[in-house]
Protein chains: 2
Amino acid sequence: MARTAAPGTRDTILTAAAGLFYEFGVRAVGMAQVVEAAGCGKNLLYKHFPSKADLAAAYLTLTRRERERTVAEVLRWPTDPTDRLLALVTEIADTVRRPGYRGCAFRNYLTEFPGETDEPARIAQSYLADSRAQMDRLVIGAGGDELLADRIWLVVNGLHSGTPTDAPVAVHWITEMVRPPGAP
Amino acid sequence: MARTAAPGTRDTILTAAAGLFYEFGVRAVGMAQVVEAAGCGKNLLYKHFPSKADLAAAYLTLTRRERERTVAEVLRWPTDPTDRLLALVTEIADTVRRPGYRGCAFRNYLTEFPGETDEPARIAQSYLADSRAQMDRLVIGAGGDELLADRIWLVVNGLHSGTPTDAPVAVHWITEMVRPPGAP
DNA sequence: GTCTATAATCCGATAGAC
DNA sequence: GTCTATCGGATTATAGAC
């Protein structure tokens with residue numbers, strides 16, 4: 001056989017692309033920028049990701065995996081259903097407060113490509129649906145009803161497009177909703 | 001004699017551009033598409049709007065004017081401060097429910113052009129700040145405090161990136177916040 | 001309608017492991 | 001020497017601008 005492939009090339013490219021896509025938006029970032037940031041040639045990029053849509057899909061999938069890992073970590077310890085719900089809400093609030101936060105990657109993609117039905121759009125939509133379903137399960141598990149789940153989702157949604165100062169307000173509020181002050 | 005300029009040309013172009021920009025996003029729509037939709041020549045477009053940023057700025061300004069007109073209409077009759085607040089919230093919920101709604105034009109622009117500081121971005125940011133200040137005044141006027149204003153803004157924010165089914169939940173909830181069930 | 005820049009994509013050339 | 005990962009320029013379409 002011939003030359004051996006450099007290890008981790010795909011990851012290097014994907015990581016570079018993910019950073020750019022999130023910071024500047026998928027549409028605003030050209031393949032040339034990705035090539036430059038990854039420090040590779042164009043051919044190599046197209047070998048691993050045949051089209052920009054493929055690269056965007058991989059970016060969203062990577063982002064989803066990272067979030068799932070973070071959420072799993074946060075839900076690892078608490079066993080009390082209300083604690084679990086609040087752990088997730090607090091994690092979201094922390095994310096939103098982090099420097100460099102530029103909104104939810106999935107909502108951003110759908111805003112950049114409205115009405116799109118390609119693979120990245122499907123990935124974004126299914127992430128949002130699954131994320132909401134998980135939140136619903138946590139709310140129901142904590143003794144809440146459908147209405148409470150709808151309300152909490154509304155606040156979480158608002159958090160994603162708000163300012164960092166909204167985060168503590170949201171956490172405190174949701175805490176109050178699931179643990180009323182006048183209860184044991 | 002030279003030909004006299006057709007009246008309302010600027011408006012025709014701007015209306016066509018606004019529809020496209022809102023539906024597909026500013027980045028996704030090319031000047032050629034605007035020309036085609038407006039049914040004018042390219043030179044005429046560039047005579048009225050020297051650059052795409054100018055056209056985008058005009059689009060956002062037009063959108064702002066339309067919203068201000070709608071909001072003024074809705075706030076025309078109610079004199080009771082709580083009624084006024086709820087009138088605005090209901091109007092927003094109705095907007096979000098309307099077919100063809102694709103999110104808030106100003107938030108969408110800022111998502112499409114993150115970190116931008118050009119005129120359209122400034123228009124979008126100042127609209128959002130003014131809109132929030134107006135909401136704050138209505139909440140304070142209705143006897144609410146800063147915390148309530150923060151919460152209502154969070155819900156309104158969430159409404160803008162949610163589904164039509166969130167609208168009645170939000171209206172009912174905010175109504176409950178400003179008119180508690182156990183009060184006169 | 002034309003012009004130029006830049007987008008996405010493709011291909012001939014290079015180079016390194018067997 | 002061969003075979004293939006990789007690179008940088010070539011190609012084509014479309015953008016914004018005049």
Side-chain angles (χ1 to χ4, degrees), chain A residues 1-60 108-109 112-121, chain B residues 2-3 5-6 9-10 12-14 16-60 108-109 111-121 123:
Chain A
M1 288 301 269
R3 184 174 175 178
T4 154
T9 305
R10 200 192 124 101
D11 279 0
T12 305
I13 296 172
L14 183 50
T15 302
L20 292 169
F21 282 167
Y22 182 69
E23 185 172 0
F24 303 108
V26 175
R27 266 206 145 102
V29 172
M31 294 299 260
Q33 271 176 82
V34 174
V35 161
E36 188 181 14
C40 71
K42 303 175 197 177
N43 206 346
L44 191 53
L45 169 59
Y46 275 93
K47 176 141 281 184
H48 287 284
F49 305 98
S51 77
K52 191 179 181 181
D54 290 317
L55 185 55
Y59 150 61
L60 292 177
N108 287 355
Y109 184 86
E112 281 197 275
F113 297 85
E116 198 70 56
T117 59
D118 59 0
E119 216 209 331
Chain B
R3 182 169 174 183
T9 305
R10 201 193 122 101
T12 304
I13 296 172
L14 183 50
L20 291 169
F21 283 167
Y22 182 69
E23 185 173 0
F24 303 107
V26 175
R27 267 206 145 100
V29 171
M31 296 297 262
Q33 272 176 81
V34 174
V35 161
E36 188 182 13
C40 71
K42 303 176 195 180
N43 39 12
L44 195 50
L45 169 59
Y46 276 94
K47 180 137 282 187
H48 288 284
F49 305 97
S51 77
K52 192 180 181 182
D54 290 318
L55 185 54
Y59 149 62
L60 292 177
N108 287 355
Y109 184 86
T111 298
E112 281 197 274
F113 298 85
E116 198 71 56
T117 60
D118 59 1
E119 216 210 331
I123 293 171

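Chain A is the first sequence line, chain B the second, and so forth, proteins listed ahead of strands; every chain is numbered from 1.
One interatomic measurement links the two molecules: CG of B/L55 to P of D/dC18, which rounds to 14 Å at whole-angstrom precision. In this structure, A/R27 places its CZ atom 10 Å from P of C/dA8, rounding to the nearest Å. If you take NZ of A/K52 and P of C/dT9, they are 9 Å apart, rounded to a whole angstrom. Atom CG in A/L45 sits about 12 Å away from atom P in C/dC10, given to the nearest Å. We find that CG of B/N43 is positioned 15 Å from P of D/dA17, with the value rounded to whole Å. Regarding B/E36, its CD atom lies at a distance of 14 Å from the C1' atom of D/dT14, rounded to whole Å. When rounded to the nearest whole Å, the span between CG of A/D54 and C1' of C/dT9 equals 13 Å. One can place CG of A/L44 at 15 Å from C1' of C/dC10, the figure rounded to the nearest angstrom.
Counting any heavy atom pair closer than 4.0 Å across all strands shown, B/P50 reaches sugar-phosphate atoms only and no base atom. Using a 4.0 Å heavy-atom cutoff across all strands shown, B/V29 reaches sugar-phosphate atoms only and no base atom.
In terms of phosphate contacts, A/T4 brings no side-chain nitrogen or oxygen within less than 4.0 Å of OP1 or OP2 of C/dG16. Residue B/Y46 has no polar side-chain atom (N or O) positioned under 4.0 Å from OP1 or OP2 of D/dC18.
Remark: the A/R3 side chain and the D/dA5 base include a donor-acceptor N/O pair separated by less than 3.5 Å.
In the set D/dA17, D/dT6, D/dG8, D/dG8 carries the atom at the smallest distance from any side-chain atom of A/K42.
Scanning all heavy atoms of the two residues, the minimum distance from A/P120 to A/L60 falls at O-CD1, 3.4 Å.
Expressed to the nearest 0.5 Å, how far CG of B/L20 lies from CG of B/L55 amounts to 9.5 Å. With rounding to the nearest 0.5 angstrom, the NZ atom of A/K42 is 11.0 Å from the CE atom of A/M31. Put simply, NE2 on B/H48 and CG on B/L14 are 11.0 Å apart, with the number rounded to the nearest 0.5 Å.
Side-chain contact between B/D118 and B/F113 is absent, with no heavy-atom pair separated by less than 4.5 Å.
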